[in-house]
Amino acid sequence: MKGVDQEEIARRRGIYFQGFGIYGGLSGLFDFGPYGSRMKDKIVRTWKETMLSEGNIAEFDGTTITHTQVLKASGHYDRFFDFSVECKKCGTKYRADDLVEKRGVKVTLDRDWLQSKITELGIKCEKCNGDLGEVKIQKLMFQVDQEEGSEPLFLRPETAQGMFINFKEYYRFFREKLPFAIITVGRGYRNEISPRRALYRLREFNMMECESFFDPENETWVHDPEDSIAVTFLTNEGKEMKATPKDAYEKGIVKSHPMAYFMGLALRFYSAVGIDIGRIRFRQHRKEELSHYSSETWDAESLTDLGWIEITGIAHRGTFDLTNHIKASGKDLYAQRVIPRKEVIEKKKEIDYQTIKAEFPKQSSKIIAAMKDGASSLSIEGKNIDLRRFLVEKEEKVVVDRENFIPVVIEPAFGLDRIIYTILDHNLSVREDSGYVCLKIPYSISPYDAAILPLMAKDGLDVKANSIFENLLKQKFSVLYDDSGSIGKRYSRYDEVGILYCITVDYDTLKNGDVTIRHRDTRVQIRIKIDEIPDYLGRNPWNGK
RNA sequence: GCAGGUGUUGUGUAGCCUGGUAGCACAAAGGCCUUCCAAGCCUUUAGCCCGGGUUCAAAUCCCGGCACCUGCACCA
């Protein structure tokens, strides 16, 4: 939101702030404070509820330290090094491997090799023809060193891989039926060259990822795409139109049914956490922007004071990941489909043990061993014997009703930190009359259920308020108690961190046993009985109004 | 990584050019007052990014480092 410095409020109010502050801070690393941690938790909970209510989605919680083989198979390892070289004269930066490759030379990803090739080929700056400097290595993944001499490990650059390599566990869990999906909430790590802009580009970030698996012959989700929320779709051909995910699928804007479905889920989730759907659009990746494995990718973008930022990527990963893990691990990560039952007659050649024993009673074991090794002849007692005559052909009926295939994957990946940034951006508003800031987030992601405030900290009001506070805590409500300063100041304090209800204990409370409940957005107050508070907070009757 | 800019209590900032007690506002804590939307008064807590140099004296000038911000480049 323009006019409000989100970062300043986040820092002052303990929502989020730069990590390692007392040591000067480190860019791209942010911590969540007392309010932010709780909000983050509730956003994650909302996301999980949205996803898990599909019925055929299950959770996975994997490690962040990752086996190197996984990243070699996934292709990350090869992109682990970025070789850059800079013009000494004008400062233009190039990818060293690109420069060499452009000259038709097959590239070896090695610094010294690239350095000598550049010298050998006499490659100069493309802009000013100046001399190029030293080839530098940028590591894009964080490396974890093990014992000296052994292979290093890496912190995962995405949470997805754990869900691919454990595909079979989930395939069994879902009793071998597709489609199903796996979700993970966790951290990923990327060594960004220049992480900046608060929560937008981080080196350690929170992701909520979903990997859904389909039979390529039936790429359909179990429910129909959302048809009640419309947003703008921007295609890679530059077309722009307003549509619901269902429309978009039916009109062929979005090719994949599940992809359209997940767009709808995303919209439902955004709206549940208070993101303004009017400031959301889906943008299709251009051909040259697509990852090498993807045939179709859509980003959900939100409009914030940083401009349009990507908050979710929905990518068609095809069979890329499972295929690579099958190759690299040699393990079975196939799914099976039922096909029309057919009987196949298989011809097999078998060893005729009886004849061998009858003809060569003493050498039979030697002959059999030779045949099992695949020998076609053997010399026994000076005579060369053709072993092929001991093979008899047999026919066998085999019933085939299943076949293997590699499932295709559609991945909706939500960037939690950017979603938090968007939520704050869309919900921080300035009151017109006072100029004070109010964070109008939904109750479901509000950091606390309510604040309990005595009108004044005397005449027993504080004692009464405190007993209400203790009582609500016992009933597992998340509440705060505050008796400092004037009542108006306290209301404002909780408005700014998005707490929806302030419960005030005043002089009538002592007489009548009731309190006032004040609504954050409207500032309207009503009176209810003390006993009714739990029920009221549980029902949240003000939500959505 | 390059270029430019910046670093002063919890937050926002003044002071730096021209060296001499580090100031303001808000926030926070304690008190007085106050019967519902950041009231007032008194009191208090708390700061010059780090290291070195120049100087009688450095927030201020010089050197080095670190960090952050913006642009460019890079990048899921």
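Each chain gets a letter, A, B and so on, in the order the sequences are listed, and its residues count up from 1.
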Rounded interatomic separation in angstrom, taking [atom1] from [X] and [atom2] from [N]:
| X | N | atom1 | atom2 | result |
| --- | --- | --- | --- | --- |
| A:Asp462 | B:G31 | CG | C1' | 15 Å |
| A:Asp506 | B:U34 | CG | P | 17 Å |
| A:Gln18 | B:C49 | CD | P | 16 Å |
| A:Leu306 | B:C69 | CG | C1' | 13 Å |
| A:Tyr436 | B:A38 | OH | C1' | 4 Å |
| A:Arg203 | B:C75 | CZ | P | 18 Å |
| A:Leu461 | B:C33 | CG | C1' | 15 Å |
| A:Phe20 | B:C66 | CZ | P | 18 Å |

Got a list of side-chain donor-acceptor pairs under 3.5 Å for residues 313-320 of chain A, not counting sequence neighbours?
unit_1: A:His316; atom_1: ND1; unit_2: A:Gly318; atom_2: N; d: 3.2
unit_1: A:His316; atom_1: NE2; unit_2: A:Glu219; atom_2: OE1; d: 3.2
unit_1: A:His316; atom_1: NE2; unit_2: A:Glu219; atom_2: OE2; d: 3.0
unit_1: A:Arg317; atom_1: NE; unit_2: A:Asp321; atom_2: OD2; d: 2.8
unit_1: A:Arg317; atom_1: NH1; unit_2: A:Glu411; atom_2: OE1; d: 3.3
unit_1: A:Arg317; atom_1: NH1; unit_2: A:Glu411; atom_2: OE2; d: 2.6
unit_1: A:Arg317; atom_1: NH2; unit_2: A:Glu158; atom_2: OE2; d: 3.3
unit_1: A:Arg317; atom_1: NH2; unit_2: A:Asp321; atom_2: OD1; d: 3.1
unit_1: A:Thr319; atom_1: OG1; unit_2: A:Thr323; atom_2: OG1; d: 3.3

Among [options], the one nearest [X] by side-chain distance:
| X | options | answer |
| --- | --- | --- |
| A:Arg13 | B:A38, B:C69, B:U35 | B:A38 |
| A:Lys489 | B:U34, B:A27, B:C75 | B:A27 |
| A:Arg201 | B:C74, B:C36, B:A38 | B:C74 |

Would you measure the distance from the [atom1] atom in [N] across to the matching atom in [M] and give it in whole Å?
| N | M | atom1 | result |
| --- | --- | --- | --- |
| B:U35 | B:A25 | P | 27 Å |
| B:U43 | B:U54 | C1' | 42 Å |
| B:C37 | B:G71 | P | 43 Å |
| B:U55 | B:C61 | C1' | 10 Å |
| B:U60 | B:G20 | P | 11 Å |
| B:C49 | B:C41 | C1' | 37 Å |
| B:A27 | B:G53 | P | 43 Å |
| B:G64 | B:A73 | C1' | 27 Å |

Between [N] and [X], counting only base atoms on the nucleotide and side-chain atoms on the residue, is there a donor-acceptor pair under 3.5 Å?
| X | N | answer |
| --- | --- | --- |
| A:Arg518 | B:C36 | no |
| A:Tyr491 | B:C36 | yes |
| A:Arg490 | B:C37 | no |

Report summary line: By ring-ring contact (aromatic ring centres under 6.0 Å, His included), A:Phe233 pairs with (sequence neighbours left out) A:Phe282, A:Trp298
What nucleic acid atoms does [X] come within less than 4.0 Å of, heavy atoms only: base, sugar-phosphate, or nothing?
| X | value |
| --- | --- |
| A:Leu453 | nothing |
| A:Glu7 | nothing |
| A:Ser434 | nothing |
| A:Asn191 | nothing |
| A:Glu310 | base |

So what's [N] paired with, Watson-Crick or G-U wobble, going by both distances under 3.5 Å?
| N | value |
| --- | --- |
| B:C32 | B:G40 |
| B:G1 | B:C72 |
| B:A46 | none |
| B:A67 | B:U6 |
| B:C61 | B:G53 |
| B:A14 | none |

Students often mix this up, so state it plainly: with edges at 30° and 60°, are the rings of [X] and [Y] parallel, tilted or perpendicular?
| X | Y | value |
| --- | --- | --- |
| A:Tyr77 | A:Phe154 | perpendicular |
| A:Phe167 | A:Phe213 | tilted |
| A:Tyr481 | A:Phe469 | tilted |

Query raised in the report: Are the aromatic ring centres of A:Tyr448 and A:Tyr494 under 6.0 angstrom apart?
Result: no
Requested in this report: Between A:Val515 and A:Ser486, just flag the one whose closest nucleotide in RNA chain B comes earlier from the 5' side.
Outcome: A:Val515
**Report entry** Residue closer to the 5' end of RNA chain B, A:Glu158 versus A:Phe30 (nearest nucleotide)
**Finding:** A:Phe30
Query raised in the report: Under the side-chain hydrogen bond (donor to acceptor under 3.5 Å, both in side chains) test, which residues partner A:His67, sequence neighbours left out?
Result: none
**Report entry** Sequence neighbours excluded - salt bridge (charged side-chain N to carboxylate O under 4.0 Å, His left out) pairs with any residue from residues 480-492 of chain A
**Finding:** A:Asp482-A:Arg493
Query raised in the report: Does NZ or CZ of A:Arg518 lie under 6.0 Å from the centre of the six-membered ring of A:Tyr491, at an angle within 45° of the ring axis?
Result: yes
Interface polar pairs with nucleotides 11-13 of chain B, N/O, under 3.5 angstrom:
unit_1: B:U11; atom_1: O2'; unit_2: A:Glu8; atom_2: OE2; d: 2.3
unit_1: B:G12; atom_1: OP1; unit_2: A:Arg11; atom_2: NH2; d: 2.8

**Report entry** Sequence neighbours excluded, every pair satisfying side chain to side chain donor-acceptor pair (under 3.5 Å) that has a member inside residues 14-23 of chain A
**Finding:** A:Gln6-A:Tyr16
